[in-house]
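Reviewing the structure listed below.
Numbers restart at 1 for each chain; the letters A, B, ... are given by sequence-line order, proteins then strands. What you are looking at is a predicted structure, and each value in this text was computed from that prediction instead of being measured.
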Protein chains: 2
Amino acid sequence: MNNSRFSIAIHILTLLHQEKGALVSSDYLAGSININPVLVRKELSNLAKAGLVTSKEGKNGGSYLAKAAEKITLDEVYKVVRQDYLLGQNKNTPNPQCPVGKQINGHLNTLYDKTEQVLIQSLATQTLADFSRLFD
Amino acid sequence: MNNSRFSIAIHILTLLHQEKGALVSSDYLAGSININPVLVRKELSNLAKAGLVTSKEGKNGGSYLAKAAEKITLDEVYKVVRQDYLLGQNKNTPNPQCPVGKQINGHLNTLYDKTEQVLIQSLATQTLADFSRLFD
DNA sequence: TCATTCTGTAATTATTTTTATTACAGTACA
DNA sequence: TGTACTGTAATAAAAATAATTACAGAATGA
């Protein structure tokens with residue numbers, strides 16, 4: 001994940017929490033994050049699917065947290081934005097003629113799975129409320 | 001890290017270990033990994049700077065492990081290839097007018113540092129020898 | 001009712017990052 | 001002294017990410 005989706009998602013959620021349930025527009029969020037509003041709306045859509053935010057369409061619409069910040073752990077956010085293994089896999093398939101090349105992806109995946117579990121467990125110990133408190 | 005440098009570095013080191021100290025050429029390594037030899041040589045150069053491999057120039061040259069696989073922990077490899085925070089930062093600077101935007105990068109960095117330490121500690125429990133043993 | 005202000009999403013373009021390629025100097029060997 | 005390597009810079013190609021444009025649809029309220 002070399003993209004900034006985790007940062008963006010955390011930023012969105014922090015703002016929504018600070019706004020204490022008020023409807024916040026994607027334009028406002030995009031202005032604080034300093035990215036394109038369309039990206040914000042896409043991420044809001046992902047966060048909504050995961051049950052972290054709710055959006056309301058139409059005039060005076062916007063988004064708010066779908067559950068208490070104390071109940072949102074950071075691993076939930078990670079899972080929303082996760083796409084590839086953290087440590088990055090070779091896109092080319094290694095040489096299947098080579099005894100190492102033939103097996104390495106399997107073994108790397110095992111390692112990556114284990115490592116990711118550790119990361120997730122660490123993120124799971126922190127809530128959005130904890131993070132948001134840093135801004136007070 | 002959306003690139004595949006960690007995978008590549010592990011692949012290189014595993015092959016060198018399997019070859020038990022013999023000089024292995026970058027072309028051979030590249031053939032097993034299925035990437036361009038120049039990339040392999042660059043990574044070998046980074047691994048050499050970190051004291052993990054040694055390279056020998058000239059005819060019949062190549063590379064070999066600079067220390068025992070039992071003494072190489074995977075966090076060392078991670079540190080060689082590490083470039084950005086794992087969880088990815090927004091490239092644009094958030095709006096400094098916004099109370100959240102103004103502070104968020106600092107707080108995210110703290111979170112990222114902590115998270116990365118957890119990852120490193122986990123990788124530190126495993127050696128190249130452990131990983132390489134999976135291929136026997 | 002209908003103009004306004006939002007969300008949702010698709011399609012396209014631009015930018016940045018990553019990877020591959022080309023080129024060539026320098027080293028070691030036999 | 002030719003051959004087979006490493007080392008590295010420069011460039012090009014490909015892939016991933018982000019921005020933009022465009023527009024349909026929803027909710028509001030004048």
Side-chain angles (χ1 to χ4, degrees), chain A residues 1-9 11-12 16 19 22-31 33-50 52-64 66 81-95, chain B residues 1-9 11-12 16 19 22-31 33-50 52-64 66 81-95:
Chain A
M1 178 161 35
N2 210 359
N3 63 24
S4 46
R5 288 183 56 205
F6 185 81
S7 290
I8 290 169
H11 198 145
I12 290 172
L16 294 185
E19 296 297 333
L23 284 164
V24 183
S25 77
S26 60
D27 266 44
Y28 177 84
L29 295 169
I33 306 174
N34 190 19
I35 59 166
N36 195 284
V38 174
L39 281 188
V40 173
R41 295 207 282 271
K42 273 191 194 153
E43 208 58 74
L44 281 167
S45 158
N46 295 325
L47 292 166
K49 276 175 201 146
L52 303 186
V53 309
T54 305
S55 294
K56 185 161 169 294
E57 293 188 15
K59 193 172 178 178
N60 303 328
S63 303
Y64 55 94
V81 302
R82 178 194 191 288
Q83 20 195 31
D84 300 312
Y85 279 117
L86 219 47
L87 292 173
Q89 260 169 324
N90 186 0
K91 271 89 191 176
N92 309 341
T93 60
N95 188 342
Chain B
M1 178 161 36
N2 211 358
N3 62 25
S4 45
R5 289 183 55 206
F6 184 81
S7 290
I8 291 170
H11 197 143
I12 290 172
L16 295 184
E19 297 296 332
L23 285 163
V24 184
S25 77
S26 60
D27 266 45
Y28 177 83
L29 295 168
I33 306 174
N34 191 18
I35 60 167
N36 194 286
V38 174
L39 282 187
V40 173
R41 295 207 281 272
K42 274 190 192 153
E43 208 58 75
L44 281 168
S45 158
N46 295 325
L47 292 166
K49 277 175 202 147
L52 303 187
V53 309
T54 304
S55 293
K56 185 160 171 294
E57 294 188 14
K59 190 169 182 180
N60 302 330
S63 303
Y64 56 94
V81 300
R82 178 196 190 288
Q83 19 196 32
D84 301 312
Y85 279 116
L86 219 47
L87 292 172
Q89 260 169 324
N90 186 1
K91 271 91 191 174
N92 308 342
T93 61
N95 189 342

Spell out, as yes or no, whether a donor-acceptor pair under 3.5 Å connects the side chain of A/S4 to the backbone of A/S7.
no
How many whole angstroms separate atom [atom1] of [X] from atom [atom2] of [N]?
| X | N | atom1 | atom2 | result |
| --- | --- | --- | --- | --- |
| A/E43 | D/dT17 | CD | P | 12 Å |
| A/R5 | D/dA19 | CZ | P | 14 Å |
| A/Y64 | C/dT7 | OH | P | 13 Å |
| A/K91 | D/dA13 | NZ | C1' | 16 Å |
| A/L23 | C/dT7 | CG | C1' | 12 Å |
| A/Y28 | C/dT7 | OH | P | 14 Å |
| B/D84 | D/dA16 | CG | C1' | 14 Å |
| B/Q89 | D/dT17 | CD | C1' | 16 Å |

Taking only side-chain nitrogens and oxygens of [X], does any of them come within less than 4.0 Å of OP1 or OP2 of [N]?
| X | N | value |
| --- | --- | --- |
| B/N36 | C/dT19 | no |
| A/S25 | C/dC6 | no |
| B/S4 | C/dT19 | yes |
| B/S45 | D/dT8 | yes |
| A/S55 | C/dT7 | no |

If you look at every strand shown and take non-hydrogen atoms under 4.0 Å, does B/I35 touch a base, only sugar-phosphate, or nothing?
sugar-phosphate
With heavy atoms under 4.0 Å as the rule, sort A/S63 into base, sugar-phosphate or nothing.
nothing
CG on B/L16 to OH on B/Y64, rounded to 0.5 Å
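Going from OH on B/Y64 over to CG on B/L16, the span is 11.0 Å.
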State the CG-CG distance between B/L86 and A/L86, to the nearest 0.5 angstrom.
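Those atoms lie 3.5 Å apart.
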Residues which pass side-chain contact (heavy atoms from CB on, under 4.5 Å) with [X], listed by chain and number, not counting sequence neighbours:
| X | result |
| --- | --- |
| B/S45 | B/K49 |
| B/N92 | A/N34, A/I35, B/N90 |
| A/A50 | A/L52, A/V80 |
| A/A48 | A/V53 |

I need the full list of salt bridge (Lys or Arg N to Asp or Glu O under 4.0 Å) pairs touching residues 34-46 of chain A, with sequence neighbours left out, sorted by first then second residue.
A/R5-A/E43
Tabulate atom names and distances for all N/O pairs under 3.5 angstrom spanning the protein and nucleotides 2-4 of chain D.
unit_1: D/dA4; atom_1: N3; unit_2: B/K59; atom_2: N; d: 3.3

Kindly give the heavy-atom pair with the smallest separation between B/L87 and A/F6, and that separation in Å.
O-CB, 3.5 Å
Counting primed atoms, P, OP1 and OP2 as sugar-phosphate and everything else as base, the B/S/- map of nucleotides 10-15 of chain C against protein heavy atoms under 4.0 Å is B-----
Out of D/dA27, C/dG8, C/dT19, which nucleotide sits closest to the side chain of B/L39?
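Output: C/dT19.
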Residue met sooner reading DNA chain D from 5', once B/N92 and A/R41 are mapped to nucleotides:
B/N92
Who pairs with B/S55 by side-chain hydrogen bond (donor to acceptor under 3.5 Å, both in side chains), at least two apart in sequence or on another chain?
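Only B/S63 meet the side-chain hydrogen bond (donor to acceptor under 3.5 Å, both in side chains) criterion with B/S55.
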